[in-house]
Amino acid sequence: MKKAFVTGWPISHSKSPMLHGFWIDHYGINASYEPLGVEPENFQKFLKDLPNSEFVGGNVTIPHKEIAFENLTKLDDAAKAIGAVNTLWIESEILCGGNTDAYGFSANLDEFAPEWRDGKTAMVLGAGGASRAIVHSLLEAGFEKILIVNRTYERAQKLANQFGDNCSAHNWADLPDLMPRTDLIVNTTSIGMAGTDASMMPDLSVLSDNTIVTDIVYSPLETPFLKSANERGLKTVDGLGMLLHQAVPGFEKWFGIRPDVTPQLRKLILELSA
Ligand code: ATR
């Protein structure tokens, strides 16, 4: 039996076991995928022991993604660009790390708004850990301008500097000026959620009618930001598909079958997480 895992601390909230469990059943594979809580102080040893363990690989989530990046010598290009690892596998007894978040992000848009690839200017709201994968994905898709807008300007500036000339950093107050020339907006923040400052919610009325709006948060499925975009009549893509698609490359590496992201899987994950 091939065994895989997802590790984080804590790990109980992860939806990955139900996602991979669905595919294991669906394809009738002799395999398992289990949540493994590993405390931060034990994570480096966990990584070191993996090549000689019962596992073929697994996923890494908060707070271990950056530590995995720092401790592995074999990394794929996405992990190198993003500075974080979310997928582990073993090749010739060597532990390898990759990052499939950028792939998940672009595959979700390819599914629900394939015209996103025609865009030239994209805006990323937020400059935290999650936004790195988004910026990488936008660069790979050929966006000429990536406007990174963050409440704390310095974080946006740091991110923009790391990703090069196509990226620029901006203040939240610049949003009304920047929005009209944006083809795609990606929200990676919690704006509009309960307990956040309502005045931070951008006014989407200035956007062009063709702007595509997406959010990487999928709980709730329609975030306040997406709700506002829907009310404005814009095309929106929710974040659930990013979760589903980012799991595909890992499953294929560990178990040898490239699984399909289907409406049935989407429905199941929604029902189980309700
Ligand atoms: P993640 O890894 O999910 O990106 P993070 O590193 O904590 O999490 O980053 C969260 C991002 O959301 C940051 O860009 C944060 O802005 P700051 O850098 O100014 O902290 C942004 N953010 C969080 N709450 C926000 C709010 N209420 N309004 C606007 N931005 C918010």
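Each ligand, and each atom within it, is numbered from 1 in the order the structure gives. All values below come from the heavy atoms of this structure, side chains included, with hydrogens, waters and symmetry mates left out.
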Using a 4.5 Å cut-off on heavy atoms from C-beta on, say whether the side chain of [Y] contacts that of [X].
X	Y	answer
V261	W23	yes
L244	L265	yes
V6	L36	no

At a 4.0 Å threshold, what atoms of ligand 1 neighbour a non-hydrogen atom of [X]?
X	value
T189	12 (O), 21 (C), 22 (N), 30 (N), 31 (C)
M200	28 (N), 29 (C)
I191	28 (N), 29 (C)
T196	27 (N)
G126	14 (O)
G129	1 (P), 2 (O), 4 (O), 6 (O)
A127	14 (O)

Item to complete: Record the part of N150 in heavy-atom contact with ligand 1 below 4.0 Å; permitted values are side chain, backbone, both and neither.
Response: side chain
Worksheet item: Heavy-atom distance to atom 13 (C) of ligand 1: which of R132, K65, R155 wins?
Response: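 Minimum heavy-atom distance to atom 13 (C) of ligand 1 goes to R155.
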Item to complete: Give a yes or no on whether a salt bridge exists between K227 and D215, defined as a side-chain N under 4.0 angstrom from a carboxylate O.
Response: no
Item to complete: Please determine if D101 and R132 form a salt bridge, counting it only when a charged side-chain N lies under 4.0 Å from a carboxylate O.
Response: no
For [atom], what's the nearest protein heavy-atom neighbour? Residue, atom name and distance, please.
atom	result
atom 19 (O) of ligand 1	T152 OG1, 2.5 Å
atom 26 (C) of ligand 1	R151 NH1, 3.4 Å
atom 9 (O) of ligand 1	G128 CA, 3.4 Å

Worksheet item: Is the F105 ring parallel, tilted or perpendicular to the W116 ring (thresholds 30°, 60°)?
Response: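 Answer is perpendicular, since the angle exceeds 60°.
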Practice prompt. Could you label the plane-to-plane angle of the F46 and F43 rings as parallel, tilted or perpendicular, counting under 30° as parallel and over 60° as perpendicular?
Written response: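 Judged by the thresholds at 30° and 60°, the geometry between F46 and F43 is parallel.
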Worksheet item: Any nitrogen or oxygen of S131, main chain or side chain, under 3.5 Å from a nitrogen or oxygen of ligand 1?
Response: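 Min N/O separation from ligand 1 is not below 3.5 Å for S131.
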Worksheet item: Taking distance alone, with no angle check, do S190 and ligand 1 share an N/O pair under 3.5 Å?
Response: yes
Practice prompt. Please test H26 against Q264 for side chain to side chain donor-acceptor pair (under 3.5 Å), starting from the C-alpha separation and ending with a verdict.
Written response: CA-CA 11 Å; H26 182 78; Q264 186 197 3; 4.7 Å; no
Item to complete: Mark whether atom 4 (O) of ligand 1 lies under 4.0 angstrom from at least one protein heavy atom.
Response: yes
Practice prompt. Would you sort out whether N86 and N59 count as a side chain to side chain donor-acceptor pair (under 3.5 Å), showing the intermediate values?
Written response: CA-CA 5 Å; N86 77 339; N59 286 122; 5.1 Å; no
Worksheet item: Does the side chain of N230 pick up a donor-acceptor pair with the side chain of E222 at under 3.5 Å?
Response: yes
